[in-house]
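Worksheet for the structure shown next.
FYI, side chains are in, hydrogens and waters are out, and symmetry mates aren't considered; it's all heavy atoms of this structure.
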Amino acid sequence: MRLWLRRLLIWGGGAAVLGLVFLAIAVAFAARSLPSYYQLKATQNAQTIVVRARDGTEIVELGPSYGKWLSSSEIPQVMKDAMISVEDRRFYSHPGVDPYGLTRAVYVWATGEDRLGATSTITQQLARNVFLNSNRSLDRKLREAVLAMALEWKFSKEQILELYLNKVYFGGGAYGIDSASRKFFSHPATELSTAEAAIIAGLVKAPSRYSPTADVDAAVGRASVVLRLMREQGRISPSEAQVDVSAVKLKQETGTNSVRYFTDWALPQLDLLLPETFEPIEVWTTLDPGMQRAATASVAGNTPEGAQGALVSLDRDGAILALVGGTDYVQTNYNRATNALRQPGSSWKLFVYLAALEAGYTPEDRVVDTEVSIGGWSPRNSNGRNIGETNLRTAFAYSINTVAAQLGNEVGFSAVASMARRFGITTPINTYPAMVLGSNEVRLLDMTRAFAAVSAGGSSVEPYGIVKVTTADGDLLYQHERARSSQLIPDHVARGITDLLQAAVQTGTGRAAQIGRPVAGKTGTTSSNKDGYFVGFSSGITTGVWMGRDDNARVGGLQGGRAPAQAFAAYMRYAVKDRPIEEFDTELQLPEWQLEEEDDFFFGDPDDYYYIDEQGNLIEPGRSQEPGGALPFPGEGEGQDGEGDAMRPRVPAPGPRVPAPRSQPSVGRGADGAPQAVDDDFLDGVIGRDGARPSPSPTRIPD
């Protein structure tokens, strides 16, 4: 018996020695293959993006946050003590693996009192976090132990603790104590108190369970355990262990629901604005937190049941103040403000009337609401009635479809499409007659941009959401520069359309959008009440609202002048409350070509146009005509049909013009024997000799 026992001890001892040799060799090889300390320090798995509002407050943090790297000397001693007390009390005495803790865990498991518990030291946790995964296989545990001892072989205890405290996960996307401190307490880890250090140290065991933002009571209870262990191990005094953890001031969690619609639209632009970088960055945006909350509430509070809503609000320079892409981001993150293509209904008439005003109409001009048919298309008014003669302002305010159809037909549907494109509509535009009533699909952001350009007096507006981008240390990476603005329409056209838009809110279909100060806007409702639109502006803020169902089904009672206009008003009351009241400039100062009643101005200054002399030769502008020549223009005061202003052109003629082309006769000679480009009969018609009158229909020479 003794012989067998002796042999067992010898063989066992030999095997143990051999195992230790193999272990030492494995550890040595592992240590040689480990990255350097500085390589481990620089390793980060992803980029952290902190998004800030226009006032600098943090609105959301995306991606894993690593915070600022703190050296061992910068880490508060109380933080080190708290972590060692709860995670690895023999940290300074073991070689990476705690033999005592491992033996105790195996004994407990072998006696059947419990399963084999976790025995990972701080060094083992570091090895697992940096090099391995979190599966519970025996192979992974063995490799973890070897790597832990290799780390202890290659690095000092202080270096290992520094790496661990800067890399361990604390929940909520926070890696490292500095990130955790900023996330939970709004200050860097260098300022951690005893109670705050205990809360952070208590998170490692189960970050999601003990997170103070998820369960304050659980976090406080776990922190109390940490303080007790620190006191028992002599790392703090009994008086320090009595701190009131529940009195710790936690950082208030900001809502990240509707804000994500904005960040989903804005942040992808960083790929174009910044060079490739993986360092943490801070993105300063145009979003106003108060306006965003008001926008979210107005959409949620006014959208019909079963429908969705969206809102975009722009400042006068194009800065996005609020953006809501749906009623609940958690339920659906589809951004209806920037991505959805929906019909705008009568709000599209903005472009129809802009084209008409540019062609020479004024708000006071008389138009007729009557039945009309254009190429087999016969639009009807929503009430099924016609009011007969009215003016342009009333027709727009009450969104009379037949008048819009006539205007579009007169100025040209392609002119309406061109106007929409000029004002920033980026989606395809058809030129079928029904397009004047909003049959083209558009994005809410584009429509809001178009109305913002009207608010800006006809100047182009470029929406933007990012003001600047900096590193975590404040180094500037990008600064927004205001886009060059161009004048899209003449001043008198901008004033005229503002007049019409204001009338639509004062007396027309948009009365629900009134907020106690000047508002200009337009409603829109599509067939079968599938879409409701309202877009308008006041005091420099332009806001567009859309409502409807994602499946494009009918929404009972949905009209642009109801729920969307009410949501607009609810939001705008808050948005403009700190802004001065601004009266709209609607006083028309028409250009001379619209004011001039004499037909001479129909053709303009003769020096500005080509004309043909008696011999049929083309004379360039500014060159004097030969003696005896005559200009092919009617005399002063004569209209084409003798009615003077009744034939005032609807289309401006600012450029050089020539008479409409005619067939040219053979060359001959006149009575004086001089060679002629054309015969006398043709010349008589051209210069008006013997009562003949030339055609006043000019053709513009291309620029």
Between R316 and E582, is there a salt bridge with N-O shorter than 4.0 Å?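 Result for this pair is yes, salt bridge flagged.
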Do the charged groups of E462 and R482 touch, with an N to O distance under 4.0 Å? no
With a 3.5 Å distance limit and no angle check, can you tell me whether [X] reaches the backbone of [Y] through a side-chain donor-acceptor pair?
| X | Y | value |
| --- | --- | --- |
| T448 | L444 | yes |
| Q559 | N529 | no |
| T303 | V299 | yes |
| R336 | Y334 | yes |
| T327 | G309 | no |
| R222 | L203 | no |
| Y398 | T507 | yes |
| T526 | G345 | no |
| R260 | N333 | no |
| T543 | F568 | no |

Tell me every residue that passes side-chain contact (heavy atoms from CB on, under 4.5 Å) with T286, counting only those two or more places apart in sequence or in another chain.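 Result, side-chain contact (heavy atoms from CB on, under 4.5 Å) vs T286: R54, F262, A319, I320, Y464, V467.
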Could you give all pairs that pass the ring-ring contact (aromatic ring centres under 6.0 Å, His included) test and reach residues 307-327, with sequence neighbours left out?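 For residues 307-327: none.
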Just so I know, are the side chains of [X] and [Y] near enough to count as touching, which here means a heavy-atom distance under 4.5 Å?
| X | Y | value |
| --- | --- | --- |
| M572 | F537 | no |
| T296 | Y261 | no |
| V555 | M547 | no |
| L163 | W69 | yes |
| Q125 | V204 | yes |
| W265 | V312 | no |
| L192 | F185 | yes |
| V505 | Q514 | yes |

How far does [atom1] of [X] sit from [atom2] of [Y], to the nearest 0.5 angstrom?
| X | Y | atom1 | atom2 | answer |
| --- | --- | --- | --- | --- |
| F534 | Q566 | CZ | CD | 11.5 Å |
| R52 | E61 | CZ | CD | 9.0 Å |
| W348 | Q343 | CH2 | CD | 11.0 Å |
| R342 | Q308 | CZ | CD | 10.5 Å |
| S193 | M79 | OG | CE | 10.5 Å |
| S459 | I489 | OG | CD1 | 9.0 Å |

Minimal non-hydrogen separation, [X] against [Y], with atom names:
| X | Y | answer |
| --- | --- | --- |
| P304 | L558 | CG-CD1, 4.2 Å |
| I581 | P518 | CG2-CD, 3.6 Å |
| A494 | G458 | CB-N, 4.0 Å |
| S539 | V576 | CB-CG1, 4.1 Å |
| A504 | G521 | CB-O, 3.4 Å |
| K349 | V436 | CG-O, 3.6 Å |

Which residues pass the side chain to side chain donor-acceptor pair (under 3.5 Å) test with T426, sequence neighbours left out?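 Residues passing side chain to side chain donor-acceptor pair (under 3.5 Å) with T426: R443, D446.
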Side chain to side chain contact (heavy atoms under 4.5 Å, CB included) between I49 and V283: does it pass, once the steps are laid out? CA-CA 7 Å; I49 301 176; V283 181; 3.7 Å; yes
Does [X] have more than 12 heavy atoms from other residues, nucleotides or ligands lying within 6.0 Å of its [atom1]?
| X | atom1 | value |
| --- | --- | --- |
| R421 | CZ | yes |
| E191 | CD | yes |
| R182 | CZ | yes |

Quiz question: by atom type and distance under 3.5 Å, do the side chains of [X] and [Y] form a donor-acceptor pair?
| X | Y | answer |
| --- | --- | --- |
| N166 | D178 | no |
| E196 | S181 | no |
| Y432 | S439 | no |

Given L267, I466, V259, the one that forms side chain to side chain contact (heavy atoms under 4.5 Å, CB included) with V51: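 Of L267, I466, V259, side chain to side chain contact (heavy atoms under 4.5 Å, CB included) with V51 is met by L267 alone.
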Worked check of side chain to side chain contact (heavy atoms under 4.5 Å, CB included) between S346 and N401: CA-CA 8 Å; S346 290; N401 290 336; 4.0 Å; yes
Does the pair T471 and D473 meet the rule for a side-chain hydrogen bond (donor to acceptor under 3.5 Å, both in side chains), with working shown? CA-CA 5 Å; T471 65; D473 295 328; 5.1 Å; no
Under the side chain to side chain contact (heavy atoms under 4.5 Å, CB included) rule, what do Y574 and M291 come out as? Steps first, then yes or no, please. CA-CA 7 Å; Y574 177 90; M291 294 185 189; 4.1 Å; yes
For W546 and M447: C-alpha separation, side-chain torsions, deciding distance, then whether side chain to side chain contact (heavy atoms under 4.5 Å, CB included) applies. CA-CA 10 Å; W546 166 87; M447 284 296 291; over 6 Å; no
